[in-house]
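Everything on this sheet refers to the single structure shown next.
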Amino acid sequence: MSDLTRNAVEVLPEGRLAEQLAGERPLRVKLGIDPTTADIHLGHTVVLEKLAAFQREGHTVVLIIGDFTARVGDPSGRSSTRPLPSAEEIEANAASYQEQAFKLLDRERTEVRHNSEWLRMEPEALLGLMAQTTVARLLERDDFQKRLGAGQPIAALELLYPLLQGYDSVAVEADVELGGTDQKFNLLFGRDIQGAYGQPPQSILTMPILVGTDGVQKMSKSLGNYVGVTDPPEQMFGKLMSIPDPAMDEYFRLLLDAETPAGPPNEAKRELARRLVDRFHSEGTGAAAEAQFNQVFVDRGVPDDIEVWEIGPYGGSEPGVILLPQLIGAGFGISSSEARRLIKQGGVKLDGQPVPADALQLPRADLAGRVLQVGKRRFLQLVDGAS
RNA sequence: GGGGGAGUGUCCGAGUGGUUAAAGGAGAUGCGCUGUAAACGCAUUGGCUCUGCCUACACAGGUUCGAAUCCUGUCUCCCCCA
């Protein structure tokens with residue numbers, strides 16, 4: 001029990017979960033995620049991990065892929081109506097979400113459902129659902145109040161969201177629903193809907209929202225401060241090293257269920273990064289990523305395996321000469337104007353040697369086989385296939 | 001249905017006929033520094049075949065020697081009244 005509620009912010013209603021856990025029957029524990037973006041990030045894993053804990057205790061985990069609700073848009077924590085992804089995006093995201101979720105959950109023992117199964121309902125049924133609440137009730141939530149106060153629009157569609165999420169609970173007969181603290185309204189609303197459909201209301205458990213790598217705002221893809229569970233080891237390690245020291249405690253506690261080790265912050269952060277990389281990749285990859293990190297950032301070296309790039313046809317006015325900005329632009333996916341600026345600012349190196357600010361063209365022979373570097377962390381191994 | 005207001009670069013946001021890729025901020029990137037992809041300092045931040053050229057201030061036209069700034073239409077959005 002204490003295990004299951006550790007780190008939880010609220011477990012409501014008071015005492016109810018304990019009663020449920022005391023029963024004979026395994027509980028049906030629900031978590032819904034809307035596949036609105038392609039990747040699950042560490043913030044999501046806080047709740048997913050809690051779900052996994054219930055699973056380990058023998059309860060039935062119901063993972064709901066909100067392929068239908070993704071088209072409605074969860075207003076939780078939103079200060080404006082969000083742009084909705086297309087049906088194709090949702091479908092693609094849904095598939096990868098599931099895969100990523102199984103990095104934490106036991107696939108065999110997880111009931112995965114798509115809520116389009118039951119939410120594609122007859123209009124009459126939808127009206128029946130809408131009859132279960134009032135506009136005042138739907139508007140009382142904090143995020144709507146703020147938007148109302150600020151004169152921000154609220155799409156009628158957004159109003160429906162809690163009803164639909166609540167109906168998910170009815171459809172899967174949830175005993176418990178998990179979510180981030182920003183989900184509190186929706187989770188509680190589900191209780192009412194279940195009640196209206198003659199089911200015993202679920203209890204709810206909310207988890208803290210993980211702060212992003214900026215250490216200030218919540219981790220979110222759109223804010224660009226996230227660490228994706230599918231990020232390559234080196235990238236994951238680097239991103240984790242970049243979090244502000246004060247955020248470390250939270251990361252240790254919420255992601256590793258551990259205390260920040262005593263000692264130098266740098267060491268602690270390295271341990272954090274190592275353990276998380278190990279967890280989402282495989283044992284030992286954390287140490288490898290760290291070695292790479294040291295090589296690149298501490299020793300200012302070149303990582304072990306870097307992408308090979310064909311020098312290609314970026315010919316200049318004379319034969320055998322390469323236009324450097326174009327090569328860089330193509331190789332690193334930036335505009336040639338930007339590449340030009342980087343050269344001017346001394347941000348481009350060949351085998352570790354800065355390229356002179358006026359070197360916009362170089363002979364092919366001077367490039368082949370060398371390592372082209374932009375900034376501190378982007379590298380390409382140049383090869384000349386034409387020679 | 002009526003009245004009012006708004007659409008500017010990645011985002012926020014100045015600018016209301018005349019050097020100018022368009023103040024400022026955020027973000028991002030580069031350099032320096034550093035235990036760190038942190039903090040701090042400096043710089044850069046539309047594109048290109050780059051001492052010049054092209055495209056830009058919702059969209060389409062128009063007025064003008066000249067428009068993001070004026071006019072017309074279209075689209076989108078917000079507020080108030082009903």
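The CD1-P distance, from Ile328(A) to G30(B), rounds to 13 Å in whole Å.
The nucleotide U29(B) finds its pairing partner in A43(B), both defining distances of the Watson-Crick or G-U wobble pair being shorter than 3.5 Å. In a base pair of the Watson-Crick type (N1 to N3 plus N6-O4 or O6-N4) or a G-U wobble (N1-O2 and O6-N3), with each distance short of 3.5 Å, C65(B) is matched with G18(B).
Residue Ser335(A) is in sugar-phosphate contact alone, with no base atom involved, counting any heavy-atom pair closer than 4.0 Å across all strands shown. In this structure, Pro265(A) reaches the bases: a heavy-atom distance under 4.0 Å links it to at least one base atom across the strands shown. Counting non-hydrogen atoms under 4.0 angstrom, Lys344(A) reaches nothing in the nucleic acid.
The Arg341(A) side chain lies nearest to U44(B) when the options are U44(B), C48(B), A38(B). Distances were taken from every side-chain heavy atom of Arg378(A) (C-beta onward) to each of C48(B), U29(B), A37(B); the shortest belongs to U29(B).
Separating the P atom of A68(B) from that of A21(B) is a span of 12 Å, rounded to the nearest Å. Annotation: C48(B) and G27(B) have their P atoms spaced 26 Å apart (nearest Å).
Under the 3.5 Å distance criterion, the side-chain polar atoms of Glu111(A) are left unmatched by any main-chain donor or acceptor of Val61(A). Lys30(A) contributes no side-chain N or O that, together with a main-chain N or O of Val176(A), makes up a donor-acceptor pair within less than 3.5 Å. Between the side chain of Gln132(A) and the main chain of Gln194(A), no donor-acceptor pair closer than 3.5 Å is present.
Side-chain N/O atoms of Gln183(A) and Asn186(A) include a donor and acceptor closer than 3.5 Å.
With hydrogens and angles ignored, no donor-acceptor pair under 3.5 angstrom links the side chain of Asn225(A) to the base of G27(B).
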